[in-house]
Amino acid sequence: MKIKITSKTHVKPNKPILGKQQFQLTTFDLPYLAFYYNQKFLLYKFQNRLDLEEPTFQNNVVEKLKDGLGSVLEDFYQLAGKLAKDDEGVFRVEYDADDEELNGVEFSVAEAPDVSVGDLTVEDGTSKLEELVPYDRISNLEGLSRPLLVIQVTKLKDGIAMGLAFNHAVLDGTATWHFMSSWAEICRGAKTISTQPFLDRAKARDTRVKLDLTVPKDPNAGDGAVEPPQLVEKVFRFSDSAIRTIKSRANSVIPSDGSKPFSTFQSLTSHIWRHVTLARGLKPEDITVFTVFADCRRRVDPPMPEEYFGNMIQAIFTGTAAGLLAAHGPEFGASVVQKAIVAHDARVVDARNEEWEKSPKIFQFKDAGVNCVAVGSSPRFKVYEVDFGWGKPEAVRSGSNNRFNGMMYLYQGKAGGISIDVEISLEAHVMEKLEKSKEFLLIEEEEGNKLTNGNGNGNGLV
């Protein structure tokens, strides 16, 4: 893939923010300092190819995006700022319009004239995306000297690819997609955004945490001797009918303890957990861990608004023996997941924060747990409604950062309804078994050489 960067500029809020603004990073933010920047990829196909001709592309696409970005940064100005820390090692995000060293958001334009949108919708792995999404393997700690948001817009043969890298110590997925939808809203012609971000991090947690940063900057770092396994990535698409089937099967046995029916999330993620565990061929006594990075905005007391800008996530851990997960029906795994999620209330959230503040630990990937399946992102995010004025995206993906064995990202399905796309990273031999599992894929019939998952749309994966 031949890609040429044609320009690189920086964007600041169109109207200067008065005074020096400082926001101390909270206990919800700090554990992710050694993670990599959170990468997102959106792919758009243009109906009118003339919009890709110069000077129309520069005037109507690039300048429109940059002007809209400058406008939305008036509300989300923390993203135009930088990380800083005081003499005691207490981190903050700050924005100062008078700081000459503060550049704002990095905005690059590139072109790949031989690449079409169709070339990039093949969902095997992220290797094709690496040149289209900036900041591979850049640690969030580097936000001390780098922009907190980096954007690359690449002109393709018939559309554009938008790659973004957000500093994950500054914001989570909920805040990320709030920003993206607001930026798109301005580009579609709105004078102001419909939902203002809530910027006061101290309302979430105001404990000063002093960090000793003599920790590995590489979140893959382990004990030195063991190299992390080589992983492959895949996107599995679960249609409306597949999701309904999975949820129905999980709820086919009425729980004896009077617990609520299993949600779509609990049913789907436990389905994946069970089948990944089977594909790994673990011994019956081996423990397998399920981890979900859960939004805590509504869990804390008092609750924080949905518009809270920052991280408000906490890792919820649970686990069981591989043999138990394999021997029981889908309701067993769903119950294990449900109990862990329900138990993670305001009291548990506070206790976890207090424990961390007494003995801070910067997260590494191995902390997700042994033989783990971990869940990030959420199908609740309206990623296919991020329309800058030329239609909804053809594809939305995560970049190559922050992937480890068993990590999956959930997105709303492009097909709409309750369909869900699942990105997952696994060892090659495990992925191969998963791809061949008819029970995992919900393959219900075989017509000649065509396998279907109940809706005639192929075998549920690409």
Side-chain angles (χ1 to χ4, degrees), residues 1-15 37 39-74 76 79-80 103-122 126-136 147 149-166 176-177 179-191 193 382-399 414:
M1 187 185 303
K2 293 182 179 179
I3 295 177
K4 179 184 177 183
I5 302 289
T6 57
S7 70
K8 182 180 290 186
T9 56
H10 290 84
V11 179
K12 295 182 179 180
N14 288 344
K15 296 176 183 176
Y37 272 63
Q39 297 172 311
K40 297 301 173 190
F41 173 80
L42 294 90
L43 188 63
Y44 294 89
K45 188 168 186 175
F46 281 23
Q47 299 304 312
N48 186 355
R49 295 283 187 93
L50 295 177
D51 288 338
L52 296 166
E53 301 291 335
E54 297 295 357
T56 305
F57 180 74
Q58 180 66 32
N59 295 336
N60 293 5
V61 178
V62 174
E63 292 305 319
K64 176 182 178 179
L65 285 171
K66 289 170 68 174
D67 187 61
L69 179 60
S71 178
V72 80
L73 286 174
E74 294 173 22
F76 291 87
L79 282 174
N103 292 319
V105 173
E106 184 180 300
F107 191 100
S108 297
V109 180
E111 55 185 31
D114 299 328
V115 180
S116 69
V117 168
D119 294 332
L120 300 175
T121 53
V122 177
T126 55
S127 58
K128 281 190 175 182
L129 310 183
E130 287 182 359
E131 293 182 77
L132 300 167
V133 186
Y135 273 32
D136 270 351
L149 170 58
V150 182
I151 300 167
Q152 179 181 318
V153 175
T154 303
K155 179 168 69 171
L156 308 174
K157 190 185 300 184
D158 54 352
I160 64 168
M162 183 180 290
L164 307 102
F166 295 84
T176 294
W177 292 107
F179 166 79
M180 291 297 294
S181 62
S182 299
W183 180 18
E185 188 178 18
I186 293 292
C187 288
R188 291 198 308 272
K191 299 299 182 186
I193 63 175
K382 306 299 184 185
V383 299
Y384 284 100
E385 295 179 14
V386 180
D387 178 0
F388 291 91
W390 44 76
K392 297 180 178 182
E394 294 294 315
V396 179
R397 295 286 308 276
S398 298
K414 185 174 186 294

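Just so it is clear, the model here is predicted, and its values are computed rather than measured. Only heavy atoms go into these numbers, but all of them, side chains included; no hydrogens, no water, no symmetry mates.
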Enquirer: Hey, what do you get for OH (Tyr384) to NZ (Lys392), rounding to the nearest 0.5 Å?
Expert: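 If we round to the nearest 0.5 Å, Tyr384:OH and Lys392:NZ are 11.5 Å apart.
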Enquirer: Shortest non-hydrogen contact from His10 to Asn103?
Expert: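 Nearest pair, atom of His10 first, then Asn103: CB-O, 3.2 Å.
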Enquirer: Hey, are Ser398 and Lys40 close enough side-chain-wise for a donor-acceptor pair under 3.5 Å?
Expert: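 Lys40 vs Ser398: donor-acceptor pair found between side chains.
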Enquirer: Would you name the heavy atoms of Pro134 and Gln152 that are closest together and state the gap between them?
Expert: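 Answer, listing the atom of Pro134 first, then Gln152: CD-CB, 4.1 Å.
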Enquirer: Working to the nearest 0.5 Å, report the span between NZ of Lys8 and CD1 of Ile151.
Expert: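 Between Lys8 NZ and Ile151 CD1, I get 13.0 Å after rounding to 0.5 Å.
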Enquirer: Is any side-chain heavy atom of Lys128 closer than 4.5 Å to one of Val115?
Expert: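 No, every pair of side-chain atoms sits at 4.5 Å or beyond.
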Enquirer: With a 4.5 Å cut-off on side-chain heavy atoms, are Leu120 and Phe41 touching?
Expert: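 Sidechains of Leu120 and Phe41: in contact.
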Enquirer: Quick check: do Ser71 and Asn14 have side-chain heavy atoms less than 4.5 Å from each other?
Expert: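 Yes, at least one pair of side-chain atoms sits under 4.5 Å.
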Enquirer: With side chain to side chain contact (heavy atoms under 4.5 Å, CB included) as the criterion, how do Leu164 and Val150 come out once you've worked through the C-alpha distance, each side chain's angles and the decisive distance to 0.1 Å?
Expert: CA-CA 6 Å; Leu164 307 102; Val150 182; over 6 Å; no
Enquirer: So, taking the atom named CD in Glu394 and the one named CD1 in Ile160, what distance separates them when rounded to the nearest 0.5 Å?
Expert: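 It is 12.0 Å, given to the nearest 0.5 Å.
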Enquirer: When you measure from the side chain of Asn60 to the backbone of Phe57, do you find a donor-acceptor pair of N or O atoms at a distance under 3.5 Å?
Expert: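 Looks like no, no N/O pair under 3.5 Å.
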Enquirer: What's the separation between atom CE in Met180 and atom CZ in Phe76, rounded to the nearest 0.5 Å?
Expert: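 The distance works out to 11.0 Å.
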Enquirer: Assign the ring pair Phe46 / Trp390 to parallel, tilted or perpendicular, where the plane angle (0 to 90°) is split at 30° and 60°.
Expert: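 Judged by the thresholds at 30° and 60°, the geometry between Phe46 and Trp390 is tilted.
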Enquirer: Got a second to check how far Glu63's CD is from Gln58's CD, nearest 0.5 Å?
Expert: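 Those atoms lie 5.0 Å apart.
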Enquirer: Heavy atoms, side chains only, cut-off 4.5 Å: are Thr121 and Leu43 in contact?
Expert: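 Side-chain contact under 4.5 Å: yes.
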Enquirer: Looking at every non-hydrogen atom in both residues, tell me the closest pair between Tyr44 and Val386 and how far apart they are.
Expert: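 Nearest heavy atoms, Tyr44 then Val386: OH-O, 2.6 Å.
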Enquirer: Taking all atoms of both residues into account, what is the closest heavy-atom pair of Asp51 and Val61, and its distance?
Expert: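 Shortest heavy-atom contact: O-CG2, 4.1 Å.
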Enquirer: State the CH2-CG distance between Trp183 and Leu149, to the nearest 0.5 angstrom.
Expert: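 Between atom CH2 of Trp183 and atom CG of Leu149 there are 7.5 Å.
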Enquirer: Find out whether Thr56 and Leu50 are in side-chain contact, i.e. whether some heavy atom of one side chain is under 4.5 Å from a heavy atom of the other.
Expert: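 SC-SC contact between Thr56 and Leu50 ruled out.
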Enquirer: Checking side-chain polar atoms at under 3.5 Å, does Lys66 have a donor or acceptor matched by the opposite partner on Thr9?
Expert: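 Present: a donor and an acceptor within the cut-off.
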Enquirer: Would you find a donor on one side and an acceptor on the other, under 3.5 Å apart, between the side chain of Asp158 and the backbone of Lys45?
Expert: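 No; zero donor-acceptor contacts below 3.5 Å.
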Enquirer: Side-chain contact, heavy-atom cut-off 4.5 Å: Ile193 with Ile186?
Expert: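 They are in side-chain contact.
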Enquirer: Of the non-hydrogen atoms in Pro393 and Val383, which two are nearest, and what is the gap between them?
Expert: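 Taking every non-hydrogen atom into account, CG-O, 3.6 Å.
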Enquirer: Test side chain to side chain contact (heavy atoms under 4.5 Å, CB included) on Thr154 and Ile5; report intermediate values, then the result.
Expert: CA-CA 8 Å; Thr154 303; Ile5 302 289; over 6 Å; no
Enquirer: Start with the C-alpha gap between Arg397 and Val133, add the side-chain angles, then the distance that decides, and say whether side chain to side chain contact (heavy atoms under 4.5 Å, CB included) holds.
Expert: CA-CA 10 Å; Arg397 295 286 308 276; Val133 186; over 6 Å; no
Enquirer: Short question: side chain of Ser116, backbone of Lys157 - any donor-acceptor pair under 3.5 Å?
Expert: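 Judged by distance alone, no pair lies under 3.5 Å.
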Enquirer: Identify the heavy atoms of Asp387 and Gly389 that sit nearest to each other, and give their distance.
Expert: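 Result for this residue pair: OD1-N, 2.7 Å.
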Enquirer: Ignoring hydrogens and geometry, is there a side-chain-to-backbone donor-acceptor pair from Lys64 to Arg188 under 3.5 Å?
Expert: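 Answer holds: no.
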Enquirer: Can a salt bridge be assigned to the pair Lys155 and Glu54 using a cut-off of 4.0 Å between side-chain N and carboxylate O?
Expert: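 Salt bridge flag = yes for Glu54 with Lys155.
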Enquirer: Taking the side chain as every heavy atom from C-beta outward, state whether Pro147 and Tyr135 have any pair of such atoms under 4.5 Å apart.
Expert: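 They are in side-chain contact.
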Enquirer: Within the structure provided, determine whether Leu65 and Leu69 are in side-chain contact (heavy-atom separation under 4.5 Å).
Expert: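 No, their side chains stay 4.5 Å or more apart.
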